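Below is one structure, written out as structure tokens; the observations come after it.
What you see is a predicted model; the values in this text were computed from it and never measured.
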Amino acid sequence: MRILICCEDEDYVEVMKKILMKYHSSQEREFEICLTIEEAVEKTISIKFDMAFIDCLMEEENIMNVGRDVMELNPECMIFFMHTELDPTYINESFIIGTFQFLIKGEDDMMEKEFLRACQIYIRDNLKFHFITKDKEKLEFLPKDLLYVELKKSPTIVATKNVVYRGWFEEEMYLLEHHLKHYNFLQIHSHYLVSMDKVRKIGMNEIVMCNGDYLPIAVIKQEKIRRDFRRFLNW
């Protein structure tokens, strides 16, 4: 995890680093400290940051440009703007950019809480499954890459939007099923685990995925499956 801290108050930078390093994480954290806006903008060109903490009290007037540059180069970066007060001008402009959170400097409990929330989102969005195809090609899948997984066959069938792969996950299948169910995957049949947001249509005995594939629905689970879909769609 790469974290940018753009703040000219070196003492407060050390306070922030202590807060951000407080919790053990399997994701290694690398900090880039910038004491000027020019330095921060230059860093964003060569480094893809996962989080950025930007002090609104920098001397230059174009502080929001740092946030814009970071978001333009890496739209998935979570940006935190910091100020000593809830300044409406900065708050409004920062959230137009796509800020993750606006923090008050000195309120360490809030910074700690929001950093942990961001870490949970980061881990969730960067969970990868390792897969080896029949041709010995090594692949990595994010949950959002997957349309469905056929569970019972060997080799395992994995469908993405454009390609269907055959091979084996390095993870145990029960762990794969456990993790995917936290990403809106639903087991519609003993053989199929599908991403509910990739379903195009639900029929009487089958569903149609967004790539056009038809998958069977288990007869004895039809009502539960439809109920789970309605809950997912907030019907």
Side-chain angles (χ1 to χ4, degrees), residues 1-2 23-30 48 50-51 74-78 100 115-235:
M1 180 188 295
R2 291 182 176 270
Y23 297 90
H24 172 74
S25 172
S26 60
Q27 301 289 340
E28 184 178 356
R29 293 174 192 158
E30 299 180 11
K48 182 179 179 181
D50 302 299
M51 295 184 195
N74 179 18
E76 297 181 358
C77 181
M78 290 178 275
F100 181 81
F115 174 65
L116 287 177
R117 183 167 71 91
C119 284
Q120 291 171 351
I121 294 172
Y122 173 81
I123 292 171
R124 182 196 69 194
D125 291 347
N126 288 275
L127 176 66
K128 295 179 180 178
F129 300 109
H130 300 90
F131 190 80
I132 301 176
T133 69
K134 290 178 63 177
D135 298 325
K136 308 301 182 183
E137 181 183 3
K138 293 185 178 181
L139 304 174
E140 288 184 342
F141 295 121
L142 295 170
K144 65 182 180 181
D145 297 329
L146 306 177
L147 273 62
Y148 65 85
V149 177
E150 189 166 352
L151 302 169
K152 300 297 183 181
K153 288 190 175 182
S154 182
T156 300
I157 295 175
V158 175
T160 63
K161 185 176 181 180
N162 298 313
V163 183
V164 174
Y165 297 96
R166 288 171 173 79
W168 299 268
F169 284 100
E170 293 184 0
E171 294 81 6
E172 295 287 344
M173 287 303 293
Y174 78 92
L175 289 175
L176 177 79
E177 294 177 46
H178 171 75
H179 288 307
L180 286 179
K181 287 178 181 178
H182 292 287
Y183 291 81
N184 296 318
F185 277 73
L186 178 67
Q187 190 164 354
I188 61 166
H189 189 281
S190 62
H191 288 255
Y192 294 102
L193 194 65
V194 306
S195 174
M196 288 191 280
D197 61 0
K198 305 292 197 310
V199 173
R200 179 188 297 168
K201 182 181 178 181
I202 304 174
M204 182 64 68
N205 299 309
E206 61 189 9
I207 63 171
V208 184
M209 302 303 296
C210 63
N211 67 343
D213 286 356
Y214 286 75
L215 304 177
I217 296 175
V219 176
I220 61 174
K221 291 186 176 181
Q222 284 186 357
E223 287 305 316
K224 180 183 183 304
I225 290 168
R226 294 178 194 283
R227 186 168 60 250
D228 288 341
F229 268 105
R230 287 195 294 269
R231 188 181 299 116
F232 171 68
L233 296 171
N234 294 318
W235 285 5

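Test Lys181, Met173, Glu150 against Leu193 for side chain to side chain contact (heavy atoms under 4.5 Å, CB included) and you get one pass: Lys181.
The aromatic rings of His178 and His182 sit perpendicular, their planes meeting at an angle over 60°, well past the 30° parallel limit. Ring planes of Tyr192 and Tyr148: perpendicular class, angle over 60° (limits at 30 and 60°).
Atoms CD1 and CD, on Ile217 and Glu223 in that order, are 10.5 Å from each other to the nearest 0.5 Å. Note: Ile207 CD1 to Arg200 CZ = 11.5 Å, rounded to the nearest 0.5 Å. Remark: Leu186 CG to Lys224 NZ distance equals 6.0 Å, nearest 0.5 Å. Atom-to-atom distance recorded for Asn205:CG and Tyr214:OH is 13.0 Å, nearest 0.5 angstrom. Atoms CG and CZ, on Leu180 and Phe129 in that order, are 4.0 Å from each other to the nearest 0.5 Å. Here Met51 contributes atom CE and Phe115 contributes atom CZ; the two are 5.0 Å apart, rounded to the nearest 0.5 Å.
Side-chain contact between Met209 and Val194 is present, with at least one heavy-atom pair separated by less than 4.5 Å. Two residues are said to be in side-chain contact when any heavy atoms from C-beta on lie closer than 4.5 Å; Phe169 and Val158 meet this criterion. Two residues are said to be in side-chain contact when any heavy atoms from C-beta on lie closer than 4.5 Å; Met1 and Cys119 meet this criterion. Side-chain contact between Ile157 and Arg166 is present, with at least one heavy-atom pair separated by less than 4.5 Å. Side-chain atoms of Trp168 and Ser154, non-hydrogen and from C-beta on, do get closer than 4.5 Å to each other.
Shown here for Pro155 and Lys134, the closest heavy-atom pair between the two residues is CG-CD, 3.7 Å. Across all their heavy atoms, Leu147 and Cys210 have their closest contact at CD2-SG, 3.7 Å. Heavy-atom minimum distance, Lys48 versus Arg2: O-CD, 3.6 Å. The shortest heavy-atom contact between Glu140 and Asp145 is O-OD2, 4.4 Å. When all heavy atoms of Thr160 and Phe141 are compared, the closest pair comes out as CG2-CE2, 3.9 Å. Nearest heavy atom pair, residue Val164 against residue Ala159, reads CG2-CB, 4.1 Å.
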Given the rule in the side chain to side chain contact (heavy atoms under 4.5 Å, CB included) test, do Arg226 and Ile202 qualify, once you have shown the distances and angles that lead to the verdict? CA-CA 8 Å; Arg226 294 178 194 283; Ile202 304 174; 3.5 Å; yes

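Using a distance-only test at 3.5 Å, with no hydrogens or angles considered, a donor-acceptor pair links the side chain of Lys198 to the main chain of Lys144. Side chain of Asn211 to main chain of Asp213: a donor-acceptor pair is present (N/O by atom type, distance under 3.5 Å, no hydrogens or angles).
Residue Glu76 qualifies as open at atom CD: its count of foreign heavy atoms under 6.0 Å is 12 or below.
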